[in-house]
Amino acid sequence: MDQSELRAELCQVCGLLYQRGYVASNDGNVSVRAGEGQILITPSGVSKGRLTPEMLVLCDLEGRVLAGSRHPSSEAAMHLLLYRERPDVGAVVHAHPAAATAFAACRRPLDVPYLTEVVSGLGPIPVAPYALPSTPEVPQS
């Protein structure tokens, strides 16, 4: 897939997240591998419901901006760590669905099959230790 197609698909995913209420305001961030050692990532401070392909930021795996006029997501360090540590990961979606956020706030993993589809499809979902948003503790957690 070329970069213009990746940009369009990433924006489509962001639009769906926004429409379905998985992110509000400027919450959440999404990225995708965009070639060897590069990612496209959503910019900081932009609603996922209003994102356009030209707003996306192209970065290397150290977080250096290669193309784009905006700042990458304030949670870019989390995305970058995942891409560096897991070459099999092709994209990262960080959203705030209300139910998942409630479980995280209560420090309860999603490991009981309340919804069979979730546990059978994804397996247990652990809860990371709390970290203040946009701090180095987020990727460390």
Side-chain angles (χ1 to χ4, degrees), residues 1 3-141:
M1 194 178 295
Q3 199 174 109
S4 64
E5 292 172 313
L6 283 175
R7 286 174 178 272
E9 287 210 12
L10 195 145
C11 287
Q12 182 179 13
V13 166
C14 289
L16 290 169
L17 289 170
Y18 182 80
Q19 290 168 12
R20 293 177 180 174
Y22 296 151
V23 293
S25 184
N26 298 338
D27 286 352
N29 32 77
V30 180
S31 64
V32 64
R33 285 192 191 269
E36 189 63 37
Q38 298 179 344
I39 67 163
L40 280 170
I41 190 165
T42 52
S44 183
V46 176
S47 167
K48 304 313 160 280
R50 291 183 164 75
L51 193 66
T52 61
E54 55 277 351
M55 291 178 179
L56 297 172
V57 182
L58 183 68
C59 296
D60 66 15
L61 293 184
E62 299 305 315
R64 292 180 289 261
V65 174
L66 303 174
S69 59
R70 296 176 180 264
H71 296 285
S73 166
S74 61
E75 301 293 359
M78 175 182 58
H79 293 249
L80 293 167
L81 178 67
L82 287 166
Y83 290 118
R84 287 192 304 266
E85 296 288 322
R86 296 279 309 269
D88 58 320
V89 170
V92 177
V93 177
H94 173 198
H96 299 162
T101 300
F103 272 84
C106 293
R107 311 277 310 125
R108 294 193 57 190
L110 295 167
D111 57 0
V112 176
Y114 296 120
L115 297 171
T116 306
E117 305 82 21
V118 173
V119 176
S120 65
L122 299 173
I125 302 168
V127 175
Y130 177 77
L132 286 173
S134 307
T135 65
E137 287 77 23
V138 171
Q140 291 169 6
S141 72

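Heads up: numbering here begins at 1 and tracks the sequence.
- For the pair Q38 and L66, the minimum side-chain heavy-atom distance is below 4.5 Å.
- In this structure, L80 and I39 have side chains that are in contact, with non-hydrogen atoms separated by less than 4.5 Å.
- For S4, the side chain to side chain donor-acceptor pair (under 3.5 Å) partners are D2, not counting sequence neighbours.
- Taken from OG in S31 to CD in E75, the straight-line distance is 11.5 Å, to the nearest 0.5 Å.
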Tabulate below the donor-acceptor pairs under 3.5 Å that side-chain atoms of residues 86-93 make, not counting sequence neighbours, or state none.
| residue | atom | partner | partner atom | Å |
| --- | --- | --- | --- | --- |
| R86 | NE | D88 | OD1 | 2.9 |
| R86 | NH2 | D88 | OD2 | 2.7 |

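- The side-chain heavy atoms of I41 and C59, taken from C-beta on, include a pair separated by under 4.5 Å.
- The line from CG of L82 to CG of L61 is 11.5 Å long, rounded to the nearest 0.5 Å.
- The shortest distance between side-chain heavy atoms of V65 and P72 falls below 4.5 Å.
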Exercise. Decide side chain to side chain contact (heavy atoms under 4.5 Å, CB included) for R7 and T52; before the verdict, give the C-alpha distance in whole Å, the side-chain angles of both, and the deciding distance to 0.1 Å.
Key: CA-CA 8 Å; R7 286 174 178 272; T52 61; over 6 Å; no
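- The number of heavy-atom neighbours closer than 6.0 Å to CD of E36, taken from other residues, nucleotides and ligands shown, is 12 or below.
- Taking the side chain as every heavy atom from C-beta outward, L51 and P43 approach each other to under 4.5 Å.
- Distance check: D111 CG to I125 CD1 gives 9.5 Å after rounding to the nearest 0.5 Å.
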Quiz item: side chain to side chain contact (heavy atoms under 4.5 Å, CB included) between L10 and L56: does it pass, once the steps are laid out?
Solution: CA-CA 9 Å; L10 195 145; L56 297 172; 3.5 Å; yes
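- Counting all heavy atoms, side chain and backbone alike, L6 lies closest to A34 at CD1-CA, 3.8 Å.
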Using distance only, find each side-chain donor-acceptor pair of residues 13-25 under 3.5 Å and give its atom names and separation, not counting sequence neighbours.
none

Would you be so kind as to tabulate the donor-acceptor pairs closer than 3.5 Å made by side chains of residues 129-141, with sequence neighbours excluded?
| residue | atom | partner | partner atom | Å |
| --- | --- | --- | --- | --- |
| S134 | OG | S74 | OG | 2.9 |
| T135 | OG1 | L132 | O | 2.7 |
| T135 | OG1 | E137 | N | 3.4 |
| T135 | OG1 | E137 | OE1 | 3.0 |
| S141 | OG | V138 | O | 2.8 |

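- Residue pairs satisfying the ring pair (Phe, Tyr, Trp, His ring centres under 6.0 Å) criterion with at least one member in residues 86-105, sequence neighbours excluded, are listed as follows: H94-H96.
- Between the R107 side chain and the A128 main chain, a donor and an acceptor come within less than 3.5 Å of each other.
- We find the CD-CE distance between E9 and M1 to be 4.0 Å, quoted to the nearest 0.5 Å.
- Inter-residue side-chain proximity for V57 and H71 is flagged as unmet; no heavy-atom pair is nearer than 4.5 Å.
- Side chain of R33 to backbone of Y83: a donor-acceptor contact under 3.5 angstrom is found.
- Residues passing the salt bridge (Lys or Arg N to Asp or Glu O under 4.0 Å) test with R64, sequence neighbours excluded: D60.
- Residues K48 and V30 fail the side-chain proximity criterion, which asks for heavy atoms closer than 4.5 Å.
- No more than 12 heavy atoms of other residues, nucleotides or ligands lie within 6.0 Å of CZ in R108, so this atom counts as exposed by the packing criterion.
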